[in-house]
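Chain A is the first sequence line, chain B the second, and so forth, proteins listed ahead of strands; every chain is numbered from 1.
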Protein chains: 2
Amino acid sequence: MNLTIAEENYIKAIFHLQQAEGNVSTNQLAASMHTKPASVTDMLKKLTNKSLLEYEPYQGVRLGKEGKKQALSIVRKHRLWEFFLVDKLQFGWDEVHEVAEELEHISSKKLVDKLDAFLGFPKFDPHGDPIPDMNGNMVSIRQFNLIDVKQKTLVEVCSVGSQSAELLELLRHKNIVIGTQLQIVRKFDFDHSVEINIENKPTITISQQLAQALFVKLV
Amino acid sequence: MNLTIAEENYIKAIFHLQQAEGNVSTNQLAASMHTKPASVTDMLKKLTNKSLLEYEPYQGVRLGKEGKKQALSIVRKHRLWEFFLVDKLQFGWDEVHEVAEELEHISSKKLVDKLDAFLGFPKFDPHGDPIPDMNGNMVSIRQFNLIDVKQKTLVEVCSVGSQSAELLELLRHKNIVIGTQLQIVRKFDFDHSVEINIENKPTITISQQLAQALFVKLV
DNA sequence: TAAATTATTTAGATTTGTCTAAAAATAATT
DNA sequence: AATTATTTTTAGACAAATCTAAATAATTTA
Ligand SMILES: [Mn+2]
Ligand SMILES: [Mn+2]
Ligand SMILES: [Mn+2]
Ligand SMILES: [Mn+2]
C-alpha cells in the first residue's frame, strides 16, 4: 500500500475531521485542504478504489479500516517529528508544524520506530496531542473544550485546537502554554467571552474563539 | 528558487557525475537516474530555463553557479541525515542511503542548520564523504582510487564509490570499513585484481571492481 | 410542494514528470 | 569521404493532481 504525499494528506485530513463529526463532507475537506471541491471528489474516488475509504456519492466519506491504519501511521510520524524538533533541536513549539508536515511523509518504518526509541517513547507531542504507538494505540485522556468547562473548576491546558501561527501568537501573548493551570471565573453571555484566572496571576478575559481552541483536563 | 523533488534529484546527479568528467552527457544522466534519455532532455530544458544549468544541445551539461549552490545544499542535507541515522538512531552505515534519499528533500533551512549543530558539526558522513557547511564549503582531503595506488604504500579507506547494497554487503564480508588501514601487496595484470594486506590480518585478494569502488588517503 | 439555494459531481483543460517510437545530429569505422 | 553506429532530441501519449465552468443532486425556504 504505497501512498503519494497528496493521498496521505487527504487521509490525514479525513481522520482529523471525522473525530468531530461522523461523515466528512466534500466541502469540509476542500476547505481543510485549501483546495476545490471538484479536486476532492476526484481524490475520494481514487482512494475508494484503493479501498481506504467508505464513500457514497453525495453522502460524504469516512475512513475504512485500512485508511484508519494509514492515518494513524501518518499522525504518529507527524507528532514524533514535532517532539524531536522541540526536544532535541530546540525549536519553539509554535514553529514545528510546517516542518513536520513534510517529515511525516518519510516512508521508512524502521526510521520511525528507531526515532520513537531515541526520543524515549513520548506519549504526547509538543501541542499536547497523544502520539500513537507502533500498533496505532494512543492514550486517550478525557479532554474538554475550555468553553464547556463550568465555573470554578480547576483545569490544565493539555492541547490546542489548531497549530495556526495566529493562534500560537495569541497564546504566547496571553502566557498560556501546555500545562498552564487555570480556573474559569465567569462567562459572559453577550459575546461568550470567558474570564479566567491563571495561578498567581491577575484575572484576564479571553474570547469565545480562543476558549474554543483550548482543550483542558481536570487536575 | 523552489525545486521539486525530481528537479533536486537531477541537480544532485549532475553534481556527482561532473566531479569525474567535465560535461555530463544525456545518456550518463539517464543511466544514473534510472530513466530514459528523452526524459533527461526534457528536464535539462526545464532546469536551463530556471538558469541552474549550462546546457548546449548535443554537447552535454554542467551546473551553473546557482545549480552548484543548490546541489551543495542537497548533498549537505543528505550527508547530515546519514550521519544522524548512524550516530543517533543506530542505523548501520550500509542501510542509511535510501532513507537519506528522501530526507534530503525536506526544505527547512532552519532544520538543517539546527540538525548540524545537534550533531556537533560533523565533517564526514558515515561513508567518509565530506559534509558541506552552511556556506557550501567542505574539507577536500586528497583521495585516491585504490586501483591507482602503488605497491607497499600504506593507505586508509576514507570513502566508497557507491552506496549500493551489493557493494556494502561485500565490504562487510571482507571486513573493510571506513578507517581500515591497508597496503597493496601485489597487482595481477590478468584480471586487475589486487592483493591487499589489512593490519594484523591474513592477506586477501579483491577484484578490480571492488578496488575501483574504494577511495583511500595516505596515512 | 414548488422554487431557490447550496453541495457535489462531471466535463474538459493544465502542469509535471515520465514513457515509446521516430527523426536528427554526432561519432566511429571502413 | 562515405557508411554505419551511437547519442541525443523531437513528437506524441499517458498518469497524477490540480483547476474552472457547467450540470446535477440534495437541502432549505417560502
Ligand atoms: Mn503533510
Ligand atoms: Mn502537533
Ligand atoms: Mn533524493
Ligand atoms: Mn553517504
Using Watson-Crick or G-U wobble geometry with both distances below 3.5 Å, tell me the partner of C:dT29, or none. D:dA2

Would you say a side-chain N or O of B:Ser39 is under 4.0 Å from OP1 or OP2 of C:dC19? yes

Pairing of A:Glu66 and A:Lys50 as salt bridge, 4.0 angstrom limit: no

Specify whether A:His127 and A:His97 have parallel, tilted or perpendicular ring planes, treating 30° as the upper limit for parallel and 60° as the lower limit for perpendicular. perpendicular

Does OP1 or OP2 of D:dT7 have a side-chain N or O of B:Ser25 closer than 4.0 Å? no

Looking at the side chain of B:Thr41, which of D:dT18, D:dT9, C:dT18 is the nearest nucleotide? D:dT9

Among D:dT9, D:dT10, C:dT9, which nucleotide sits nearest the side chain of A:Pro37? C:dT9

Proximity to the side chain of B:Lys45 - top-ranked nucleotide from D:dT10, D:dT7, C:dT9: D:dT10

What residues 3-18 of chain B contributes to the DNA chain D interface at heavy-atom separation below 4.0 Å is none

Between A:Ala13 and A:Met33 the two heavy atoms that sit nearest each other are CB-SD, 3.5 Å

Any salt bridge between A:Asp133 and A:Arg76, counting N to O under 4.0 Å? no

I'd like to know whether the aromatic ring centres of A:Phe84 and B:Phe84 sit less than 6.0 Å apart in this structure. yes

Note: B:Glu104-B:Lys12 ion pair, threshold 4.0 Å (strictly below): yes

Give the minimum heavy-atom separation between B:Lys187 and B:Ile147, together with the two atoms involved. NZ-O, 3.1 Å

Between A:Asn27 and C:dT6, is there a contact of a side-chain N or O with OP1 or OP2 at under 4.0 Å? no

Shortest side-chain distance from A:Lys36, nucleotide among D:dC19, D:dT8, C:dT9: D:dC19

Between protein and nucleic acid, restricted to nucleotides 21-27 of chain D and to nitrogen or oxygen atoms under 3.5 Å apart, what atom pairs and distances do you find?
{"unit_1": "D:dA25", "atom_1": "O4'", "unit_2": "A:Tyr58", "atom_2": "OH", "d": "3.3"}

For A:Gly67 and A:Ile11, work out which heavy atoms get closest and say how close. O-CG2, 3.7 Å

